[in-house]
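The figures that follow rest on heavy atoms only: side chains count, while hydrogens, waters and symmetry mates do not. All ligand and atom numbering here is 1-based and tracks the order in the structure.
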Amino acid sequence: MQLIDSHGRHINYLRLSVTDRCNLRCSYCMPADGVPKLSHGDMLSYEELFRVASESVALGIEKIRLTGGEPLVRRGIVQFIERLAAIPGLKELVLTTNGLLLAEMAQSLRSAGVKRLNISLDSLKPEVFASITRGGDLQKVLDGIAAAGDAGFPPVKINMVVMRGVNDDEVLDFAALTLDKSCTVRFIEYMPTIREDGWNSRSVPGSEILERIGSRYPLLPLVSTEMAGPARNFKISGAAGAIGIITPISGHFCDSCNRIRVTASGMVKGCLFSGEGVDLRQYLRSPDNTELRETLRRIVTGKPVRHHLADESVEQGSIAMSQIGG
Ligand code: SAM
Ligand code: SF4
C-alpha cells in the first residue's frame with residue numbers, strides 16, 4: 001500500500017521518538033535550564049510505541065527512525081528494537097544518537113536489527129564539543145563511532161549543525177573526514193527552534209557551506225535515492241566518503257517531504273514545525289486499532305504544504321527538538 005498526501009507526496013518514513021530524556025543538553029536543542037520532563041505516565045509505553053509503529057507500517061510506512069531525546073537512554077530499548085525489526089513490511093530500521101552510549105551498545109543494537117546509525121557530532125575539538133553540548137565528552141562519541149564500525153554497521157552518517165562563530169571554522173575539518181573514511185558527513189543549517197535572539201547571524205546557509213568546501217576540494221554531485229532523505233549529496237573527488245547538505249532554512253525541502261513524526265508522548269505530527277498534532281493516547285486506550293490507523297492516515301492527508309520556520313512575519317513558538325525528535 002502507498003500513502004500519498006493531499007499534495008501528491010509519497011509518505012513512507014516515520015520518525016519515532018522513544019523518549020524526551022537526554023544525557024546531553026545541546027545549546028541549539030534545549031534551553032540552558034532544560035525542558036520540563038514528561039512523567040513516566042505521559043510517555044508512551046513500548047507496547048504503545050509498537051502499536052503505533054506496526055499500524056504505520058500496515059498503512060505504508062517503510063522506514064522508521066528511532067530518535068529522542070537520546071534513544072539509547074531509555075531502558076529496554078534493545079528488546080524494543082528486536083520487536084520492531086520483525087514487523088513485516090518494514091524495510092529500514094535506523095537510529096539517530098548522540099553516540100555517548102554507543103561504545104557499550106553498538107553490538108547489541110546491530111544484533112537487534114538496527115540497519116544504520118546517524119550520529120550527531122558538532123565539533124572535533126574537545127572543548128568546543130563540551131561547550132556546545134554543555135558538558136559532553138567528545139572521546140566517548142569517537143569511541144562510539146569506532147564501536148559501530150567494529151559491530152559491523154555500514155559507515156555512519158555524521159550530522160553536524162553548523163553555527164557561525166561556534167563551529168563553522170571546522171567545516172573543512174569535517175569535510176576532510178570523508179577523504180579516507182567511507183562515512184557521510186552531513187552539514188545541517190541551524191534551525192531557530194528555541195527562538196534565541198540573533199539566530200539569523202548564527203545560521204550558515206547551505207550554499208556558503210558548499211562554497212567553502214568547494215573552494216578547497218573539487219566536489220562532484222551524487223544522485224539521491226528516494227529513501228535517502230532531504231540531503232543534497234556530494235563527494236570530494238577521489239574521497240572514500242560523501243558529503244550532504246541539509247538546508248531546512250535557505251532551501252526548505254517540503255516539496256519532497258516524505259515523513260511524519262510521533263513524539264514520545266504520543267503526538268503525531270505531519271510537520272516538525274507545525275504546532276498542530278493529534279494525541280494518539282486516546283486511541284491507544286482501546287485494544288482496537290481502527291481509530292489509531294485512521295488518525296495516522298488523516299495526519300498524512302493533512303500534511304501542510306510547507307513550513308514557515310524562517311518567515312519573520314509568522315509568529316513562531318519555541319520548540320525544543322529533544323521533545324519532538326528532530
Ligand atoms: N539525541 C539524538 C541526537 O542528538 O542525535 C537524537 C535526537 S536530536 C533532537 C536529532 C537531531 O536534531 C540531531 O541531529 C540534532 O543535531 C538535530 N537538531 C536539534 N536541534 C537542532 C537545531 N536547532 N537545528 C538543527 N538541527 C537540530
Ligand atoms: Fe540531546 Fe540530541 Fe538534543 Fe543534543 S541534539 S540535547 S543529544 S536530544
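- Numbered from 1 in the order shown, with element, the atoms of ligand 2 that lie under 4.0 Å from a heavy atom of C22 read 1 (Fe), 6 (S), 7 (S), 8 (S).
- Those atoms of ligand 1 that come under 4.0 Å of a heavy atom in N98, given as number and element, are 2 (C), 3 (C), 5 (O).
- Those atoms of ligand 1 that come under 4.0 Å of a heavy atom in M191, given as number and element, are 22 (C), 23 (N), 24 (N), 25 (C), 26 (N).
- An N or O contact shorter than 3.5 Å links S120 to ligand 1 by distance.
- Taking the centre and axis of the six-membered ring of Y13, the NZ or CZ atom of R259 falls outside the cone set by 45° and 6.0 Å.
- Between D122 and ligand 1, no N or O atom pair is found at a separation short of 3.5 Å.
- Among the atoms of C29, no N, O or S atom is found under 2.8 Å from atom 1 (Fe) of ligand 2.
- With a 4.0 Å heavy-atom cut-off, ligand 1 is reached by the backbone of T96 and by its side chain too.
- Only the backbone of T97 comes within 4.0 Å of ligand 1, judged by heavy-atom distances.
- Using a 4.5 Å heavy-atom threshold, the side chains of L219 and I236 count as touching.
- Salt-bridge check for R51 with E47: failed, with every basic side-chain N at 4.0 Å or more from each acidic carboxylate O.
- Counting non-hydrogen atoms of other residues, nucleotides and ligands closer than 6.0 Å to NZ of K235 gives a total above 12.
- Within 6.0 Å of the CZ atom in R281, the count of heavy atoms belonging to other residues, nucleotides or ligands exceeds 12.
- Close to ligand 2: G69, with a non-hydrogen atom less than 4.0 angstrom away.
- The ligand atoms of ligand 1 that sit less than 4.0 angstrom from a heavy atom of T67 are 6 (C), 7 (C).
- A donor and an acceptor atom, one from each side chain of N23 and E70, are nowhere located under 3.5 Å apart.
- Of all atoms in ligand 1, listed by their number and element, those nearer than 4.0 Å to a heavy atom of C29 are 19 (C), 20 (N).
- For atom 1 (N) of ligand 1, the choice among G69, G68, S27 with the nearest heavy atom turns out to be G69.
- You'll find the side chain of N118 reaches within 4.5 Å of the side chain of R65, heavy atoms only.
- In this structure, OG in S54 is found 12.5 Å from CD1 in I61, a value given to the nearest 0.5 Å.
- A salt bridge is absent between R9 and D255; no separation between the charged side-chain nitrogens and carboxylate oxygens falls under 4.0 Å.
- Look at E189 and you'll find a heavy atom under 4.0 Å from some atom of ligand 1.
- For atom 26 (N) of ligand 1, the choice among L66, L72, N159, V161 with the nearest heavy atom turns out to be V161.
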